[in-house]
Amino acid sequence: TAGEGGGLAEPERRPPKLAIETGYLILAFPIGGPALQGLAATVIARVGRRLEVTVGSAVLSSVRAEGGGVDAVATIVPLSASARVHFARGRAEGLFGPSAQAAFVSVSPSSATVRVLSTRSLLAALGAEAEGRWALWDATWLFARGQALGVLSGQRYEVAGSPIVDTSRLEIMATIGVGVGFR
């Protein structure tokens, strides 16, 4: 069909009912905590005309921290979920909504001079996320997503009273990648 200016009108895109996104993720605790990076995967289900629900996880690098003669390796395995409202205009899409995260946190310290113990804990966080998408084809897109989460239960790992790893306050995540939808 002819659009304004005599060109062909772009057909209206139908959002997929199920999709998967994968991409490069950076997870950071900007107030004295570690920054990790890795590969994220998110499964997306469309619920109604404008609502998406998601569940995702990531494989992240470990991070090293040291202080007071202690060398520690921190590993975090996150599991995230969200509900997002979807807006679209042409090839551009925006999504906004609340998100939650549970993460397994393991800190393995070592020291030649101080007795140290490994620790494992569960981190819980709530916040919000926003995602922008640019459609490449009917069911394929590029995306950028940001999340800001307030940590409800996290740990502050200290050596001789000085923190070396702090996962107890604010968490920021950023992901860029590609998504594919299934009808």
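Excluded from the calculations below are hydrogen atoms, water molecules and symmetry mates; all remaining heavy atoms, backbone and side chain alike, are included.
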Report the distance from atom [atom1] of [X] to atom [atom2] of [Y], rounding to the nearest 0.5 Å.
X	Y	atom1	atom2	value
E66	R64	CD	CZ	8.0 Å
L142	L136	CG	CG	4.0 Å
Y24	I176	OH	CD1	8.0 Å
R133	E21	CZ	CD	4.5 Å
S80	M173	OG	CE	4.0 Å
S121	Y157	OG	OH	3.0 Å

Check whether any side-chain heavy atom of [X] lies under 4.5 Å from a side-chain heavy atom of [Y], and answer yes or no.
X	Y	result
I172	Q147	no
L123	F29	yes
W134	F143	no
P16	I44	no
V85	L95	no
R169	R156	yes

Could you pull out the closest heavy-atom pair between [X] and [Y], with the gap in Å?
X	Y	result
A135	W141	CA-CB, 4.0 Å
D166	I31	OD2-O, 3.7 Å
A35	V63	O-CG2, 4.0 Å
A125	V151	CB-CA, 4.0 Å
L25	A58	CD2-CB, 4.3 Å
A130	F96	CB-CD2, 3.6 Å

S61 side chain vs G38 backbone, donor-acceptor pair below 3.5 Å: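 No, because the side chain of S61 does not come within donor-acceptor range (under 3.5 Å) of the backbone of G38.
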Check whether any side-chain N or O of S57 sits under 3.5 Å from a backbone N or O of P78 as a donor-acceptor pair, and report yes or no.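 Judged by distance alone, yes, a pair lies under 3.5 Å.
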Check the pair T54, V43 against side-chain contact (heavy atoms from CB on, under 4.5 Å), reporting the backbone distance first and the verdict last. CA-CA 6 Å; T54 72; V43 175; over 6 Å; no
For L149 and L126: C-alpha separation, side-chain torsions, deciding distance, then whether side-chain contact (heavy atoms from CB on, under 4.5 Å) applies. CA-CA 5 Å; L149 303 162; L126 292 175; 5.7 Å; no
Does T42 form a side-chain hydrogen bond (donor to acceptor under 3.5 Å, both in side chains) with R145? I'd like the steps, not just the answer. CA-CA 11 Å; T42 304; R145 177 175 48 242; 3.3 Å; yes
Ignoring hydrogens and angles, write down the donor-acceptor pairs under 3.5 Å from the side chains of residues 100-112, residues two or more places apart or on other chains.
unit_1 : atom_1 : unit_2 : atom_2 : d
Q101   : NE2    : E171   : OE2    : 3.0
S110   : OG     : D71    : O      : 3.4
S111   : OG     : G69    : O      : 2.9
S111   : OG     : T113   : N      : 3.1
S111   : OG     : T113   : OG1    : 3.4
S111   : OG     : V114   : N      : 3.0

Got a salt bridge between E93 and R50, using NZ or NE/NH1/NH2 to carboxylate O under 4.0 Å?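 So E93 does not pair with R50 through a salt bridge.
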Trace of the side-chain contact (heavy atoms from CB on, under 4.5 Å) decision for V165 with T167: CA-CA 7 Å; V165 176; T167 62; 4.2 Å; yes
Connected-component partners of L79 among ILVMFWY, side-chain separation under 4.5 Å: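 Reading the cluster by chain and number, L79 sits alongside V55.
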